[in-house]
Amino acid sequence: MPCPMLCLPTYTPALRGRFAADGYLPLPGLIRPDLLRALHDETRRLEKLAIRRDFAMESMADSPRRMTILGGQIIAAESALIPRLYGDAELIGLIGRIAQLPTVPVRDPVERYVLNILHREGDTHGAHTDDYPLALVLFVEAPLDREGDGLLEYVRHTTDLHAWGTRAVRCAHHCPGDAYLLRSDTTAHRVTPLNRPGLRRTVLNFAYTTPARQQARTDSAARLYTPENQPPGGNAP
Ligand SMILES: O=C(O)CCC(=O)C(=O)O
Ligand SMILES: [Fe+2]
């Protein structure tokens with residue numbers, strides 16, 4: 001059944017071509033206004049359960065994680081809406097056509113969908129690649145300044161986490177209600193810091209994979225999203 005809450009683009013070979021070339025595809029306005037309001041309320045409610053992180057991720061070139069997070073295992077227990085959206089057959093079918101991969105949900109309940117909130121001065125989601133090949137990132141809140149903070153930076157077709165500051169880096173701004181699809185295992189990416197107080201950037205990351213790839217490749221997501229994991233140096237309050 002079509003998902004009336006999402007404004008899915010019609011598939012065209014051009015979408016597939018752009019995604020293959022760039023490892024990134026913007027999906028502006030994917031979230032319809034009613035759904036955006038519902039996700040705003042839902043994520044504000046979930047934020048009360050979220051965990052603060054402030055550490056350097058060893059397995060990702062010691063890049064910083066200064067952010068508030070919630071893993072999928074808790075989201076599933078607390079939200080009906082987010083798991084329903086994640087599993088939407090029409091959405092998964094479209095992603096599969098764009099990516100040209102037999103796309104399926106991730107089995108791991110922690111990593112399949114996560115909530116990432118940047119809301120303090122200096123908050124950032126540092127450089128990394130993801131464990132699974134596809135990430136659909138949905139924007140619930142975002143700074144409106146296109147030149148400003150909390151931008152996505154990515155370098156296509158590389159897992160090298162040291163390419164920042166070179167001409168290969170691309171930068172993308174997204175508004176609340178927007179989304180993007182990323183070839184997240186082979187596209188180095190990060191979110192630039194919020195350098196001013198009062199900004200908020202709230203995203204849901206939906207991870208998808210292929211039937212043959214249901215095993216995480218690094219410990220990074222488990223380190224970030226499993227509450228029992230105390231990173232070295234501990235968490236900020
Ligand atoms: O917030 C973003 O735009 C990126 C999120 C991300 O890379 C992740 O959750 O793995
Ligand atoms: Fe990522």
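Order of listing sets the numbers, starting from 1, for every ligand and every atom in it. Predicted, not measured: the structure shown is a model, and the values here were computed from it.
- Counting atoms of ligand 1 from 1 in the listed order, those under 4.0 Å from a heavy atom of Asp130 are 10 (O).
- In this structure, a donor-acceptor pair under 3.5 Å is absent between the side chains of Thr129 and Asp185.
- Atoms of ligand 1 lying under 4.0 Å from any heavy atom of Asn116, numbered from 1 in the order shown and given with element: 5 (C), 8 (C), 9 (O).
- For the ligand labelled ligand 1, residue His128 lies inside the 4.0 Å heavy-atom shell.
- Residues Tyr180 and Leu85 fall into different hydrophobic clusters, defined by Ile, Leu, Val, Met, Phe, Trp and Tyr side chains chained together at heavy-atom separations under 4.5 Å.
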Return a table of donor-acceptor pairs under 3.5 angstrom between the side chains of residues 159-166 and protein atoms on other chains or two or more places apart.
unit_1, atom_1, unit_2, atom_2, d
Asp160, OD1, His162, N, 2.9
Trp164, NE1, Leu161, O, 3.0
Thr166, OG1, Ala163, O, 2.7
Thr166, OG1, Ala168, N, 3.3

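- Residue contact annotation: Arg190 has no non-hydrogen atom under 4.0 Å from ligand 1.
- The atoms of ligand 1 that sit less than 4.0 Å from any heavy atom of Val191 are 1 (O), 2 (C), 3 (O), 4 (C).
- Every atom of ligand 1 with a heavy atom of His189 under 4.0 Å away is listed here by number and element: 7 (O).
- Looking only at atom types and distance, the side chain of Tyr225 has no donor-acceptor partner in the side chain of Asp108 under 3.5 Å away.
- Judged purely by distance below 3.5 Å, without hydrogens or angles, the side chains of His128 and Ser220 never pair a donor atom with an acceptor atom.
- By the criterion of a heavy-atom distance under 4.0 Å, neither the backbone nor the side chain of Leu182 is placed next to ligand 1.
- A 4.5 Å side-chain heavy-atom check between Ile95 and Leu181 finds at least one atom pair inside the cut-off.
- With contacts defined as side-chain heavy-atom distances shorter than 4.5 Å, the pair Arg44/Ile117 does not qualify.
- Proximity of the aromatic rings of Phe19 and Tyr24 is defined here by a centroid distance below 6.0 angstrom, and this criterion is not met.
- Of all protein atoms, those of element N, O or S that lie under 2.8 Å from the Fe ion (ligand 2) number 3.
- Donor-acceptor pairing under 3.5 Å is recorded for the side chains of Asp130 and His189.
- At the shortest separation from atom 8 (C) of ligand 1 among protein heavy atoms lies Asn205 ND2, 2.9 Å.
- Contacts between His125 and ligand 1, counted as non-hydrogen atom pairs separated by less than 4.0 Å, involve the side chain only.
- None of Arg200, Arg201, Arg66, Arg52 except one satisfies the salt bridge (charged side-chain N to carboxylate O under 4.0 Å, His left out) rule with Asp123; the exception is Arg52.
- By the 6.0 Å contact criterion, CD on Gln215 is open, its count of non-hydrogen atoms from other residues, nucleotides or ligands being 12 or less.
- Close approach to Val203 involves these atoms of ligand 1, each under 4.0 Å from a residue heavy atom: 1 (O).
- Among Tyr154, Phe139, Tyr180, the residue whose heavy atom lies closest to atom 2 (C) of ligand 1 is Tyr180.
- The nearest heavy-atom contact from the protein to atom 1 (O) of ligand 1 is Arg201 NH1, 2.7 Å.
- Ring planes of Tyr86 and Tyr113: perpendicular class, angle over 60° (limits at 30 and 60°).
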